[in-house]
Amino acid sequence: MSLRTVTARPAVAVFAAVTLALGALPASASPGATTPARTAAPLAAAAPTVNVANVNAHLQQLQNFATSNGGNRATGTAGHTATTTYLQQKLQAAGYTVTVQTCTTCSGSAKNIIADWPGGDTANTYMFGAHSDGVSAGPGINDDGSGTATLLEAALQLAANNPTMTNHLRFGWWAGEEQGLIGSKFYVNSLTTAQKSAIKAYGTFDMIASTNGGYFVTGTDAVAVKLREYFTSISVPTETSTECCSDDGSFRNAGIPSSINSTGASYTKTSAQVTKWGGTAGQAYDPCYHKACDTYPSNINTTSLGRWANAELYAAWNLTTGTSTGNDFSVSLSPGTGTVTPGASATATVSTATTSGSAQTVALTSTGAPTGVSVTFSPASVTSGATSTMTVATTTAAASGTYTITVTGTGSATRTATYTLTVSTTGGCAGAGQKLGNNGFESGTTPWTATTGVIGANTGDAAPRTGTRDAKLGGYGSTHTDTLTQSVTLPTGCSAYTLSFYLKIVTSETTSSTQYDKLTVKIGSTTLATFSNLNAGASYTLRSYDLAAFAGQTVTLGFTGTEDSSLKTTFAIDDTALTVA
């Protein structure tokens, strides 16, 4: 997992030596050949299981590759080359069509390994990935030998069972992740528009055996839906994570539904998470993250390793094999709870995902709202894969209490999610805290709405103040407008409502008197501030505004950057907050 600055916008690349296979059946071969002959096996009633001992054997091989080659498997080293060769040989022997893609933008022109299982509808491709490299500090066994090894064994077990394929299945192992997701970006940029559209969901598996870890499934794509389904079946609770970043970002930025799945990296475990999963509160999920001690077997949680390996195979099997169940979708809510005082409102994002077949129209409705509470959706109907904003509004007549609101999505099937609403009439400041979602821009784009290219791993004049991502408005040097907005609900009864953000302005304008390029900051229809090329400076500056006048309202925070026809000005925004106390 990479928590460093990500190189933005790599050039579009082409395959260096091979052409990506989209599910063509390999020719039969005699025993011992690269692609062995096989006979069809009957469809199993349920997904097969993974023996964790086999995963451990792969991890031992990765440790051996590191030990024999300078102590690591970093991209561009002999240890990484040995890793990709091992993957290629294992997958080809099992019958996969393997593409060895030379990533010319990676150190040492390293290899991506892409493995397609023959058969299935290539217009409905489900993809699973991990990064095959590590950092130079150590062998990279949890990061990301664990993802590499579990996906390899899941792929081998599927091949051994040789199921009938309905949808197409593809695995990918990426070079250069620790350098800034370079290998996965190279792969995605090599795809045509049609090939990108064919990938219905991508799940990346990065650090899934942390010794003090949890179970994080972060995304709403079809892969994430199946993973949660598996963990629910074995009574293991999951959470979403704010840790960043991995190769899911390369796919998400190309418009492919994606998720990152992990047991955690350098963030610390909370007491509530210890209650869920065990472990030690106040310590990192992986105390050997990016260190020399990330070795096998000492830095591997075998229980997590086995659970994730089986979750991966369960998801791959159920998304791609057997008789098609037709079109289907899922519905989820974020957040799943809200607390308001009478007369106030709360919002949540309703996310939908296509779990099988093709996208469809999903109508959203709700039940369970008490007297004095109304629920609306904007929009009220979405295409599966899209999101809607749910607003839960209360009147002053709303009675105090906790209520369960059921959100129903109706299409070819009916799917539901629940929202817990607490109406508090105890007075005082109910709902204090930080109100902006994804306030440091580290978790993709949601719940922000932005012009294309605004939120990302920006570099140069727009390099982040902290973390690996921020928001960049302008910087084009031509007539251009960028926007960045988020809807937020402010509770009543609190003493302080403070909007803050860090702003850096870099300009090529030479005037000392004319505002050619501007950044306007608004809350609702009220303009809080206007900045321009005249406010340029070399570093980030903290800006703060009192929003007490908007208590009890749901308003939209908006940034609008405009440039004239020449001489660029870049407005970089990071570490936003709307703090209520």
Side-chain angles (χ1 to χ4, degrees), residues 5-11 253 435-442 445 447-488 490 497-550 553 555-579:
T5 300
V6 179
T7 303
R9 301 181 181 93
N253 290 340
K435 296 301 176 183
L436 290 179
N438 190 18
N439 59 306
F441 307 105
E442 299 296 326
T445 57
W448 294 97
T449 299
T451 309
T452 301
V454 167
I455 298 175
N458 298 303
T459 59
D461 291 341
R465 174 180 175 269
T466 61
T468 63
R469 294 163 59 88
D470 65 348
K472 177 187 78 70
L473 292 84
Y476 291 87
S478 59
T479 302
H480 188 84
T481 299
D482 280 323
T483 59
L484 173 69
T485 63
Q486 183 177 150
S487 177
V488 61
L490 301 180
Y497 301 79
T498 304
L499 169 67
S500 64
F501 57 90
Y502 284 85
L503 174 64
K504 182 172 70 170
I505 304 173
V506 179
T507 188
S508 297
E509 300 282 2
T510 58
T511 180
S512 60
S513 59
T514 304
Q515 294 182 337
Y516 287 116
D517 308 316
K518 297 180 182 180
L519 176 73
T520 303
V521 185
K522 300 179 74 172
I523 191 80
S525 60
T526 302
T527 298
L528 299 177
T530 300
F531 302 94
S532 74
N533 48 282
L534 301 181
N535 304 113
S539 59
Y540 279 93
T541 301
L542 178 64
R543 310 287 182 172
S544 299
Y545 304 91
D546 183 3
L547 301 187
F550 301 93
Q553 300 181 36
V555 291
T556 298
L557 169 64
F559 299 87
T560 301
T562 59
E563 287 186 283
D564 69 351
S565 59
S566 65
L567 298 178
K568 70 178 181 178
T569 299
T570 300
F571 301 96
I573 300 169
D574 203 359
D575 299 324
T576 65
L578 206 171
T579 306

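For the single chain, residues carry numbers from 1 onward in sequence order.
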Problem set entry | Heavy-atom check, side chain of F571 versus side chain of L484, under 4.5 Å | no
Exercise. Hey, are the side chains of T451 and T481 touching, using non-hydrogen atoms and a 4.5 Å cut-off?
Worked result: no
Exercise. Can any side-chain N or O of W448 pair as donor or acceptor with the backbone N or O of F441 at less than 3.5 Å?
Worked result: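 No; judged by distance alone, with no hydrogens or angles, the pair does not exist.
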Exercise. Between the main-chain N or O of L490 and the side-chain N or O of Q553, is there a donor-acceptor pair closer than 3.5 Å?
Worked result: no
Taking only residues two or more places apart in sequence or in another chain, which ones pass side-chain contact (heavy atoms from CB on, under 4.5 Å) with [X]?
{"X": "I523", "result": "T526, L528, L547, F550, V555, L557"}
{"X": "A529", "result": "F531, Y545"}
{"X": "T570", "result": "D461, A462, K472"}

Exercise. Roughly how far apart are L499 CG and L578 CG, rounded to 0.5 Å?
Worked result: 5.0 Å
Please tabulate, for side-chain N and O atoms in residues 560-567, each donor-acceptor pair with protein atoms closer than 3.5 Å (sequence neighbours left out).
{"unit_1": "E563", "atom_1": "OE1", "unit_2": "G475", "atom_2": "N", "d": "3.1"}
{"unit_1": "E563", "atom_1": "OE1", "unit_2": "Y476", "atom_2": "N", "d": "2.8"}
{"unit_1": "E563", "atom_1": "OE2", "unit_2": "G475", "atom_2": "N", "d": "3.4"}
{"unit_1": "E563", "atom_1": "OE2", "unit_2": "Y476", "atom_2": "N", "d": "3.4"}
{"unit_1": "E563", "atom_1": "OE2", "unit_2": "G477", "atom_2": "N", "d": "3.3"}
{"unit_1": "E563", "atom_1": "OE2", "unit_2": "T569", "atom_2": "N", "d": "2.8"}
{"unit_1": "D564", "atom_1": "OD1", "unit_2": "S566", "atom_2": "N", "d": "3.4"}

For this session: Taking side-chain hydrogen bond (donor to acceptor under 3.5 Å, both in side chains) as the test, write out the residues that go with D482, two or more places apart.
Result: H480
For this session: Check whether more than 12 heavy atoms from other residues, nucleotides or ligands sit under 6.0 Å from atom NZ of K504, and answer yes or no.
Result: yes
Exercise. Hey, do the aromatic rings of F559 and F501 have their centres closer than 6.0 Å?
Worked result: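 Yes, the ring of F559 comes within the 6.0 Å limit of the ring of F501, centre to centre.
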Exercise. Considering all heavy atoms of both residues, which atom of Q486 and which atom of K435 are nearest to each other, and what is their separation?
Worked result: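 Looking at all heavy atoms of both residues, the shortest contact is OE1-O, 4.4 Å.
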Less than 3.5 Å apart, which donor and acceptor atoms pair up between the side chains of residues 533-544 and the rest of the protein, not counting sequence neighbours?
{"unit_1": "N533", "atom_1": "OD1", "unit_2": "Y516", "atom_2": "N", "d": "2.8"}
{"unit_1": "N533", "atom_1": "OD1", "unit_2": "D517", "atom_2": "N", "d": "3.0"}
{"unit_1": "N533", "atom_1": "ND2", "unit_2": "T514", "atom_2": "O", "d": "3.0"}
{"unit_1": "N535", "atom_1": "OD1", "unit_2": "S532", "atom_2": "N", "d": "2.8"}
{"unit_1": "Y540", "atom_1": "OH", "unit_2": "A463", "atom_2": "O", "d": "2.7"}
{"unit_1": "Y540", "atom_1": "OH", "unit_2": "D470", "atom_2": "OD2", "d": "3.1"}

